[in-house]
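To keep things clear, I will list the structure first and then write my remarks on it.
This one's a predicted model, so the numbers in the text were calculated from it and none came from an experiment.
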Amino acid sequence: MIAVTTLHGKNFYINPDLIYRIEETPDTTITLIDSKTLVVKEAPEVVVHRIISYRQTIYRQVPQINKNQ
């Protein structure tokens, strides 16, 4: 999950796997795969960076398979 902030300053978390599109119109609008939209304070680049960081954390936790065993 990644943290984002509403325009009113309320923090909440969203599952980045449910994000369909991120636009700057001029506010950052996140469209989910179910067509719901969220408007957040963070710039699109910040949201993307948080998604990348989230995925890196997840993939670091996946055990590596040792093919030599």
Enumerate donor-acceptor pairs with a distance under 3.5 Å from any side-chain N or O in residues 38-51 to protein atoms, sequence neighbours excluded.
residue: Glu42; atom: OE1; partner: Thr5; partner atom: N; Å: 3.0
residue: Glu42; atom: OE2; partner: Thr5; partner atom: N; Å: 3.2
residue: Glu42; atom: OE2; partner: Thr5; partner atom: OG1; Å: 2.8
residue: Glu42; atom: OE2; partner: Arg50; partner atom: NH1; Å: 3.4
residue: Arg50; atom: NH1; partner: Ala3; partner atom: O; Å: 2.5

Roughly how far, to the nearest 0.5 Å, is [atom2] of [Y] from [atom1] of [X]?
X: Asp17; Y: Ile58; atom1: CG; atom2: CD1; value: 8.5 Å
X: Thr29; Y: Glu24; atom1: OG1; atom2: CD; value: 9.5 Å
X: Leu32; Y: Ile19; atom1: CG; atom2: CD1; value: 7.0 Å

Among pairs that include at least one residue of residues 4-14, which meet salt bridge (Lys or Arg N to Asp or Glu O under 4.0 Å), considering only residues two or more places apart or in two chains?
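Sorted pair list comes back empty.
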
Provide the closest heavy-atom pair for Met1 versus Tyr54 in the form atom of the first, atom of the second, distance.
N-CE1, 2.7 Å

Taking side-chain contact (heavy atoms from CB on, under 4.5 Å) as the test, write out the residues that go with Ile33, two or more places apart.
Leu18, Tyr20

